[in-house]
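Reminder, nothing fancy here: chain letters follow the sequence lines and each chain counts from 1.
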Amino acid sequence: MPELPEVQTIVTDLKKVLPGLKIRDIWTDFAKMIKQPKSFSAFKKQLAGRKILDVKRKGKNILINLSDNKTLLIHQKMTGHMLYGKFRETRNKKQKWVAAPGPLRDDPQNRFLHLVISLSNGKQLALSDVRKFAKVLICETNKLAELKDVKNIGPDPLEKSFTFKKFREILSGKKGGVKDVLMKQEIISGIGNIYSNEILWDAGVYPFRQTNKLTQAELKKIYQAIKKVLKLGVKLRGDSVVDYRDPFGRKGGYQNFHKAYQREGEKCPKGDKGTIKRIKKGGRSTFFCSVHQKLI
DNA sequence: TGCAGTGTTGCTTC
DNA sequence: CGAAGCAACACTGC
């Protein structure tokens, strides 16, 4: 689910409320999501009593920086989302935690709580995740750079240092379709299926075009589209076409601005008489305009 | 009712 | 080695 704009929205929001709070208690009903340390009791021990210092993003990972050289890393994968608010424990076997009245309680998307971190202000930071693909781990902060999840991740496309020159460099000699390459986190971080479709629609490039055959003009257009599309995504606080919610349970707005994603059969919004086509490959869909993104 | 489809990643297979 | 398929899981909608 969450790609760069969604994770950025979450991190920006959490950064406003979490720093300064202490972790009091941790609950889970799905210890399998905890990758490090191996046991839930060790995980709990490493978190309890620590103070939250900062919240950051690395690609699609959320990094919660804690006192005593600890960092909590969360990757939400497909359907995970981080929620912040007032929750209480119940005796209901199906719904073990319930939020105070409001969007966190009323929206069904926010009810699949599998990790709940109780904080010193009486509120909770919770991970809701229907499909249970999300993962969390604890790492020593000063060893974060050596962690695979951090080390093997390409440059961030919204950083100032992500110049056209750099973009050209990281793509040079890369094989495979350009859409697949844009989604490879070790090459460039933060782009997933929704935004890659939207970026290539905007750039006017056929998604399966071989990366090493792209012209300078096409590279430039893709580069500009990456910045444009992701910035708009951040501005609109993410894309809730399916189940994304911000930490307060609210939807983002980008789903109202899709040009290609999930618009199969519709006329291309460019007004070029094209139709949005869909091609399924490797279990996921690619959407593009049959006219202005034609195969060159 | 049953099955295709869903934002991710990483392992297996060819 | 690279590309493709599929598994992890649960739910929705046709």
Side-chain angles (χ1 to χ4, degrees), chain A residues 1-10 28-36 57-62 73-82 94-95 107-115 127-137 147-154 173-200 207-212 229-230 233-234 236-246 251-258 260-265 276-287:
Chain A
M1 168 210 26
E3 304 179 33
L4 188 151
E6 290 76 35
V7 182
Q8 187 58 52
T9 302
I10 293 165
T28 187
D29 67 349
F30 192 67
K32 218 173 133 186
M33 80 170 97
I34 297 160
K35 306 299 176 190
Q36 196 182 298
R57 176 178 66 77
K58 182 75 185 172
K60 300 176 188 173
N61 296 290
I62 298 170
L73 178 148
I74 299 145
H75 194 303
Q76 305 167 104
K77 297 282 182 86
M78 290 281 265
T79 52
H81 39 276
M82 299 303 296
K94 271 204 161 163
Q95 208 180 331
D107 187 336
Q109 284 304 331
N110 300 328
R111 289 180 193 159
F112 303 93
L113 304 184
H114 296 299
L115 181 71
L127 175 60
S128 175
D129 184 15
V130 192
R131 292 176 73 178
K132 301 202 275 196
F133 292 167
K135 71 168 187 181
V136 302
L137 62 88
L147 190 70
K148 251 194 345 193
D149 306 70
V150 171
K151 189 176 64 178
N152 295 347
I153 237 170
K174 293 290 183 297
K175 286 190 216 157
V178 60
K179 175 168 178 276
D180 283 341
V181 169
L182 289 181
M183 290 197 296
K184 278 193 180 144
Q185 301 303 300
E186 65 271 23
I187 295 173
I188 171 173
S189 63
I191 299 172
N193 204 31
I194 295 180
Y195 291 102
S196 61
N197 278 297
E198 294 298 310
I199 285 164
L200 292 173
F208 302 107
R209 193 151 154 65
Q210 287 302 301
T211 308
N212 54 13
V229 168
L230 294 180
V234 171
L236 294 169
R237 299 181 50 82
D239 188 308
S240 294
V241 65
V242 185
D243 71 16
Y244 168 70
R245 302 293 185 268
D246 75 12
K251 288 186 181 187
Y254 198 88
Q255 66 280 5
N256 302 319
F257 294 85
H258 288 169
Y261 186 75
Q262 292 211 335
R263 297 185 65 143
E264 183 185 17
I276 302 298
K277 303 282 178 206
R278 178 170 83 134
I279 292 180
K280 266 209 72 174
K281 248 180 88 190
R284 53 201 340 201
S285 293
T286 295
F287 300 86

Query raised in the report: In this structure, which one of A/Ile74, A/Asp149, A/Asp129 forms a side chain to side chain contact (heavy atoms under 4.5 Å, CB included) with A/Lys135?
Result: A/Asp149

Query raised in the report: What distance, rounded to whole Å, do you find between the two P atoms, one in C/dG5 and one in B/dA4?
Result: 16 Å

Query raised in the report: Roughly how far apart, to the nearest Å, are B/dT12 and C/dC9 at atom P?
Result: 16 Å

Report task. Classify the side-chain pair A/Tyr244/A/Glu3 by whether it contains a donor and acceptor separated by less than 3.5 Å. Result -> no

Query raised in the report: Do A/Arg278 and A/Ser285 have a side chain donor and acceptor closer than 3.5 Å?
Result: yes

Report summary line: From the list A/His81, A/Arg237, A/Lys251, side-chain hydrogen bond (donor to acceptor under 3.5 Å, both in side chains) with A/Asp246 holds only for A/Arg237

So, is [X] close to the [N] phosphate, meaning a side-chain N or O under 4.0 Å from OP1 or OP2?
X        : N      : value
A/Lys77  : B/dG10 : no
A/Arg284 : B/dT8  : yes
A/Thr79  : B/dT8  : no
A/His75  : B/dT8  : no
A/Lys135 : B/dT9  : no

Query raised in the report: Given that A/Val241 and A/Asp149 both sit by DNA chain B, which one's nearest nucleotide is further toward the 5' end?
Result: A/Val241

For atom [atom1] of [X] and atom [atom2] of [N], their distance in whole Å:
X        : N      : atom1 : atom2 : answer
A/Glu6   : B/dT8  : CD    : C1'   : 13 Å
A/Met183 : B/dT6  : CE    : C1'   : 14 Å
A/Gln262 : B/dA4  : CD    : P     : 18 Å
A/Ile194 : B/dG5  : CD1   : P     : 17 Å
A/Glu186 : B/dT9  : CD    : C1'   : 10 Å
A/Lys184 : B/dG10 : NZ    : P     : 13 Å
A/Gln76  : B/dT9  : CD    : P     : 11 Å
A/Asp239 : B/dT8  : CG    : P     : 11 Å

Query raised in the report: When all nucleic acid strands are considered with a 4.0 Å heavy-atom cut-off, which category describes A/Glu264: base, sugar-phosphate, or nothing?
Result: nothing

Report task. Would you mind classifying the nucleic acid contact of A/Tyr261 as base, sugar-phosphate or nothing, using non-hydrogen atoms under 4.0 angstrom? Result -> sugar-phosphate

Requested in this report: Would you mind telling me which residue lines up with the more 5' stretch of DNA chain C, A/Pro108 or A/Lys175, judged by nearest nucleotide?
Outcome: A/Lys175

**Report entry** A/Arg131 or A/Gln109, whichever maps to the more 5' nucleotide of DNA chain C
**Finding:** A/Arg131

Hey, what do you get for [atom1] ([X]) to [atom2] ([Y]), rounding to the nearest 0.5 Å?
X        : Y        : atom1 : atom2 : result
A/Arg263 : A/Glu198 : CZ    : CD    : 8.5 Å
A/Lys174 : A/Leu182 : NZ    : CG    : 12.0 Å
A/Phe208 : A/Ile279 : CZ    : CD1   : 4.5 Å
A/Thr286 : A/Tyr261 : OG1   : OH    : 10.0 Å

Report task. Output, in order, the C-alpha distance, side-chain angles, deciding distance and verdict of side chain to side chain donor-acceptor pair (under 3.5 Å) for A/His258 and A/Asp239. Result -> CA-CA 9 Å; A/His258 288 169; A/Asp239 188 308; 2.4 Å; yes

**Report entry** Backbone N/O of A/Gln185 and side chain of A/Ser189: donor-acceptor pair under 3.5 Å
**Finding:** no

Report summary line: Residues A/Lys60 and A/Ile191: closest non-hydrogen pair is NZ-O, 3.5 Å

Query - Secondary-structure string, 5' to 3', Watson-Crick or G-U under 3.5 Å, | for another-strand partners, for DNA chain B - result: .|||||.|||||||

**Report entry** A/Glu3 side chain, from C-beta outward: closest of B/dG5, B/dT9, B/dT8
**Finding:** B/dT8

Requested in this report: At the 4.0 Å heavy-atom cut-off to chain A, mark where contacts on DNA chain C begin and end, going 5' to 3'.
Outcome: C/dA3 to C/dC11

